[in-house]
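Here's the structure we're looking at; comments come further down.
Computed from a prediction, not measured in an experiment: that's the story for all the values here.
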Amino acid sequence: MTTRHLVGLITGVLILAILLPILLSIWLAQRETHKQFIAEQEAYASRVLIRTGQVMNQVKSALKQMDALKNPGCSKTHLQEMRRLSYSWRYIQEVLYIDGLTTKCSSLENNGNTFTFPSPDRITPAGYRAWYTEQNDLGIKRYMAAFASEHHMVIIDPVSLIDVIPFSNNTTNVALISTSSNRVFSRSAELDPKILQRIHKDQLTTLTENNVVYTVRQYPELQLSILTWSSTLPLSERLHHQLLIWLPAGILISLLASWLIIRVLRRLQSPRQRLLDALNNADITVNYQPIVSLTDGKMVGCEALARWKQPDGSYLSPDIFIPLAEETGLITHLTENVVKTVFRDLGKWLHLHPEIHVSINLSVNDFHSVVLRTLLHQQLRIWDVAPQQIALELTERGFADPNTILPAIAAYRRSGHPVYIDDFGTGYSSLRYLQDLEVDTLKIDKSFVDMLEYAQVTPYIIEMAKNLQLNIVAEGIETPCQEKWLREHGVHFGQGWLYSKALSKETFILWAENNLSAHGISAAH
């Protein structure tokens with residue numbers, strides 16, 4: 001992905017970073033409000049469930065206590081115990097002594113009318129018979145719940161199972177529903193039958209319908225469902241409170257995320273990032289400028305020159321992006337790309353022409369790079385190219401600190417690579433360190449070639465190189481007069497537009513083959 005595409009992507013992320021935290025904070029506020037609402041519903045249902053359990057525990061304890069009496073049924077002592085139990089136990093309305101299904105006496109009266117109950121609705125897991133019926137010994141038409149052991153029965157009001165005050169400010173209603181028959185035993189308010197049918201049919205635990213939330217909890221021992229419901233309409237005040245908590249946090253996160261992304265955008269649009277993007281996407285290519293012998297015009301090698309093509313089709317000058325690469329620490333990355341490209345372009349061709357070399361420009365950092373040295377060694381082995389076919393050029397300014405650079409140069413020369421001093425004469429240290437350098441070739445900068453008729457120092461540079469037994473390459477030769485002057489002064493090799501500009505891989509190979517053929521050297525050499 002290019003930087004341009006990445007910038008577009010991150011710009012979209014920036015827009016999301018601004019909007020998403022705010023929208024998320026609003027959603028979280030609504031979610032938290034709804035979550036609290038559901039939690040209150042469930043808490044209320046749990047409290048009703050606890051109440052139901054308390055009532056049933058009293059029912060069981062009362063029946064066990066009555067069954068443990070040794071007094072004859074309906075005796076004075078027995079009646080007194082039944083009255084005492086119904087008086088002291090909170091949820092029990094009446095205690096009966098029964099024979100089978102027929103009442104014999106009650107805690108409410110000594111000699112009441114006998115009454116026969118219908119068959120029980122069910123048997124509880126604890127073995128007690130259970131009824132939910134409006135039939136009773138008092139003849140009152142009201143549904144009550146009855147539980148009986150073998151000889152005793154207790155009557156409870158179903159309302160006591162749901163008589164729980166909610167802790168929230170919302171009005172919460174509750175109903176007890178049979179899980180087997182879907183019949184409502186007790187309720188605190190009217191319940192829509194359609195809602196009840198839907199919950200029963202789909203076996204739902206939570207349902208939201210018409211701004212009302214229904215919550216269902218099960219009580220398996222009694223085969224009962226506890227249904228609570230409450231309207232969500234009064235929640236606006238809670239939502240406002242939650243927004244006061246979440247919205248400032250969302251705005252803060254939005255601002256922080258925007259700041260971070262803007263920083264990333266600035267970095268992505270920086271010159272360094274553009275250069276890194278070009279390196280990663282192989283936008284920087286390599287052209288090759290021939291180096292020829294000034295004696296007979298035969299090509300002896302070429303210089304690899306990096307070229308960076310811009311989106312508009314123009315090329316950015318190496319005088320701009322090479323210093324940029326050095327300043328941003330990407331120069332070795334650039335050099336590694338150039339080395340890989342050189343071998344990919346010319347590796348096979350160099351193997352066929354062992355007399356031809358390619359010179360590659362290196363910075364001071366490149367000379368110290370172990371990775372680059374390893375890469376060169378690997379590429380030479382892969383393409384079966386001799387080390388002397390890869391010359392390494394270092395600008396004269398790179399010798400400012402010879403104590404660090406000279407050992408690295410010596411190591412490359414021991415490996416078989418020729419070392420060139422590039423742009424000689426443009427730096428301040430040339431005369432001082434030239435006699436100490438272990439190099440093979442000196443390249444005269446184009447600025448001296450352009451001013452040959454007026455330059456007084458060029459002959460001295462040439463003479464000094466001869467005394468040090470260095471090969472000499474003149475850069476930027478553009479006219480036959482310059483070529484003649486350089487040849488007459490003993491310069492061995494030259495490069496420049498007089499022979500050829502820097503060429504792409506295909507064009508260079510064609511030019512080189514023609515040049516070599518003209519001098520009697522075949523491609524299969």
Margin query: Test side-chain contact (heavy atoms from CB on, under 4.5 Å) on Ile98 and Arg129; report intermediate values, then the result.
Written below: CA-CA 12 Å; Ile98 58 176; Arg129 293 170 289 173; 3.5 Å; yes
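- Each of Glu303, His417, Glu393 was scored for a side chain to side chain donor-acceptor pair (under 3.5 Å) with Ser359, with one residue passing: Glu393.
- Residue Glu134 qualifies as enclosed at atom CD: its count of foreign heavy atoms under 6.0 Å is above 12.
- Here the side chain of Gln379 pairs no donor or acceptor atom with the backbone of Phe343 at under 3.5 angstrom.
- For the pair Arg51 and Arg90, the tightest heavy-atom approach, listed with the atom from each and the gap, is NH2-NH2, 3.9 Å.
- Lys60 has its side chain out of reach of Phe147: every pair of non-hydrogen atoms, C-beta onward, lies at least 4.5 Å apart.
- Using a 4.5 Å heavy-atom threshold, the side chains of Ile177 and Ile199 count as separate.
- The 12-atom threshold is exceeded at CD of Gln310, counting heavy atoms of other residues, nucleotides or ligands nearer than 6.0 Å.
- To the nearest 0.5 Å, the span separating CG on Leu176 from OG on Ser186 amounts to 5.5 Å.
- Residues Asp67 and Glu150 form no side-chain contact, since every pair of their non-hydrogen atoms from C-beta on lies 4.5 Å or further apart.
- Put simply, the side chain of Phe508 does not reach to within 4.5 Å of the side chain of Asp345, judged on heavy atoms.
- Checked by atom type and distance alone, the side chain of Asp202 never pairs as donor or acceptor with a backbone atom of Leu204 at under 3.5 Å.
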Next item on the list: Evaluate the side-chain contact (heavy atoms from CB on, under 4.5 Å) criterion for residues Met144 and Asp157: first the C-alpha distance (whole Å), next the side-chain angles of each, then the deciding distance (0.1 Å), finally the verdict.
Entry: CA-CA 5 Å; Met144 300 290 278; Asp157 187 350; 4.1 Å; yes
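- Tyr97 and His151 have parallel rings, their planes meeting at less than 30° on a 0 to 90° scale where 60° marks the start of perpendicular.
- Annotation for Gln93 and Leu108: closest pair O-CD2, 4.3 Å, computed over non-hydrogen atoms.
- Annotation: side chain of Leu330 is not in contact with side chain of Leu324 (no heavy-atom distance under 4.5 Å).
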Next item on the list: List the steps and the verdict of side-chain contact (heavy atoms from CB on, under 4.5 Å) for Trp89 and Val154.
Entry: CA-CA 11 Å; Trp89 291 71; Val154 293; over 6 Å; no
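- For the pair Tyr288 and Val342, the tightest heavy-atom approach, listed with the atom from each and the gap, is OH-CA, 3.4 Å.
- The CZ atom of Arg344 sits 9.0 Å away from atom CH2 of Trp383, with the distance rounded to the nearest 0.5 Å.
- The distance from atom OG1 of Thr332 to atom CD of Glu326, rounded to the nearest 0.5 Å, is 9.5 Å.
- The minimum heavy-atom distance between Arg84 and Ser88, with the atom names listed, is O-OG, 2.8 Å.
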Next item on the list: List the steps and the verdict of side-chain contact (heavy atoms from CB on, under 4.5 Å) for Ser230 and Tyr44.
Entry: CA-CA 11 Å; Ser230 182; Tyr44 182 67; over 6 Å; no
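- Here the side chains of Ile195 and Trp229 are not in contact, with every heavy-atom distance at 4.5 Å or above.
- Note on ring orientation: taking the six-membered ring where Trp is involved, the planes of His152 and His78 are tilted (angle from 30° to 60°).
- For the 3.5 Å distance criterion, the side chains of Asp366 and Ser369 fail to qualify, holding no donor opposite an acceptor.
- For the pair Asn361 and Thr335, the tightest heavy-atom approach, listed with the atom from each and the gap, is O-CG2, 4.0 Å.
- At a threshold of 4.5 Å between non-hydrogen side-chain atoms, the residues Phe117 and Thr103 count as touching.
- Val174 has its side chain out of reach of Val164: every pair of non-hydrogen atoms, C-beta onward, lies at least 4.5 Å apart.
- For the 3.5 Å distance criterion, the side chains of Asp312 and Ser314 qualify, holding a donor opposite an acceptor.
- Of all heavy-atom pairs spanning Pro323 and Pro318, the tightest one is CD-O, 3.5 Å.
- Note that the CD1 atom of Ile155 and the CD1 atom of Ile92 stand 10.0 Å from one another [nearest 0.5 Å].
- Between atom CG of residue Asn337 and atom NE2 of residue His333 there is a gap of 4.5 Å, rounded to the nearest 0.5 Å.
- How far CG of Leu207 is from CG of Leu196: 11.0 Å, rounded to the nearest 0.5 Å.
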